[in-house]
Amino acid sequence: MASEELAKKLQRRLMLQMSTDNANGDTLDNNIHLGDAEEKPVTCSADTELSAKLTRRLGINEGITEPKQTKVFNPYTEFKEFTRKQIKDMEKMFKHYDSGKDGFIDLMELKLMMEKLGAPQTHLGLKNMIKEVDEDFDGKLNFREFLLIFHKAAAGELEEDSGLMALARLSEIDVSTEGVQGAKHFFEAKVQALTSGSKFEAEIKAEQQQRKRSEEDKKQRRAAFKELKSAFQ
């Protein structure tokens with residue numbers, strides 16, 4: 001059966017791996033039996049991890065296990081409380097402080113960001129800021145986790161004197177035209193102003209009209225240039 005073949009392949013691979021890591025440099029007999037291998041339980045965490053990886057890889061190769069599907073993150077559909085412009089402004093801010101250009105804001109980049117915003121934090125404070133929204137526990141912020149800062153600010157889930165609340169208030173996102181103080185009140189006003197569906201559609205139409213006007217302007221400039229050129233000829 002396929003499962004028995006997978007088990008045999010896995011045992012052989014583990015025995016080969018263990019033989020290369022043997023401290024005495026001993027080698028395993030090429031004629032070792034499966035029964036002998038089963039009498040030697042794998043207790044090391046590294047061997048357990050290797051076993052899981054090999055099992056999954058062999059399962060994928062045999063067509064038994066389906067490979068994991070990567071979920072595509074769409075900020076416009078997941079964070080519907082924000083307008084397209086707000087999300088684009090947040091993305092611009094995120095990329096600006098992602099000095100490593102690796103798609104993450106790490107501890108040192110966050111330190112620089114808070115200093116630039118005029119709200120420097122202690123090392124422990126910076127770690128707590130990341131911990132607050134670090135969903136994958138990698139010790140740094142991806143763009144989705146960065147948006148969670150503003151999401152929590154809008155929902156009133158942040159402490160008023162927290163580093164994340166200071167980041168939300170002091171961000172480069174313009175809130176002065178709304179006549180409110182603080183990102184929390186600004187986002188709450190935006191959420192209540194329009195439904196997410198109509199707001200999204202209105203922004204799409206506005207962008208399309210802007211592109212159309214830009215194209216028309218380009219055509220008019222080209223026509224004027226050609227007319228001017230023909231006059232000199």
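Just so you know, these numbers come straight off a predicted model, no measurement behind them.
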[Y] and [X], any side-chain heavy atoms less than 4.5 Å apart:
X	Y	result
Thr83	Ile87	no
Leu126	Lys131	no
Leu167	Met93	yes
Phe73	Leu147	yes

Any donor-acceptor N or O pair under 3.5 Å, side chains Gln208, Arg211: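 Side-chain D/A pair, Gln208 to Arg211: absent.
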Phe146 and its side chain to side chain contact (heavy atoms under 4.5 Å, CB included) partner, picked from Asn142, Ile149, Leu148: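 When Asn142, Ile149, Leu148 are each tested with Phe146, the side chain to side chain contact (heavy atoms under 4.5 Å, CB included) holds only for Ile149.
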Identified side chain to side chain contact (heavy atoms under 4.5 Å, CB included) partner of Leu158 from the options Arg169, Lys152, His151: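 One option only clears the test, and that one is Lys152.
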Enter the distance from [X]:[atom1] to [Y]:[atom2] here, rounded to the nearest 0.5 Å.
X	Y	atom1	atom2	result
Asp106	Asp98	CG	CG	8.0 Å
Leu170	Met114	CG	CE	7.0 Å
His96	Ile105	NE2	CD1	10.0 Å
Arg84	Asp89	CZ	CG	12.5 Å
Asp134	Met129	CG	CE	12.5 Å
Ser162	Glu157	OG	CD	11.5 Å

Nearest heavy-atom neighbours spanning Met165 and Ala153: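 Closest approach of Met165 to Ala153, heavy atoms only: SD-CB, 4.1 Å.
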Non-hydrogen atoms of Ala168 and Ser171 that approach each other most closely: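 Taking every non-hydrogen atom into account, O-OG, 3.2 Å.
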Check against salt bridge (charged side-chain N to carboxylate O under 4.0 Å, His left out), Lys140 and Glu145: CA-CA 9 Å; Lys140 50 190 177 182; Glu145 291 165 344; over 6 Å; no
Verify same cluster id: Leu112, Leu107 (apolar side-chain graph, 4.5 Å):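 The answer is no; the residues belong to distinct hydrophobic clusters.
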Same apolar cluster: Met113 and Val133, side chain cutoff 4.5 Å: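 Linked, Met113 and Val133 end up in one cluster.
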Salt bridge (charged side-chain N to carboxylate O under 4.0 Å, His left out) between Glu115 and Lys111, worked out: CA-CA 6 Å; Glu115 290 175 352; Lys111 178 178 182 294; 2.6 Å; yes
Derivation of the side-chain contact (heavy atoms from CB on, under 4.5 Å) call for Phe150 and Leu164: CA-CA 8 Å; Phe150 298 91; Leu164 292 183; over 6 Å; no
Which residues share a side chain to side chain donor-acceptor pair (under 3.5 Å) with Glu109, sequence neighbours left out: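 Expected list: Ser99.
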Donor-acceptor contact below 3.5 Å, side chain Glu78 vs main chain Pro75: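 Checked: no pair found.
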Of Tyr97, Phe94, Phe104, the residue whose pairing with Phe143 passes ring-ring contact (aromatic ring centres under 6.0 Å, His included):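 Single pass found, and it is Phe94.
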Lys95/Glu91 under side-chain contact (heavy atoms from CB on, under 4.5 Å): CA gap, chis, key distance, verdict: CA-CA 6 Å; Lys95 290 181 177 179; Glu91 184 178 17; 3.4 Å; yes
Ring geometry between Phe79 and Phe82 (parallel below 30°, tilted from 30 to 60°, perpendicular above 60°):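 Phe82 vs Phe79 ring planes: parallel.
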Over 12 foreign heavy atoms within 6.0 Å of NZ, Lys218: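 Incorrect, the count does not exceed 12.
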Heavy atoms of other groups near Glu159 CD, more than 12 under 6.0 Å: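 Atom CD in Glu159 is not packed in, count stays at 12 or less.
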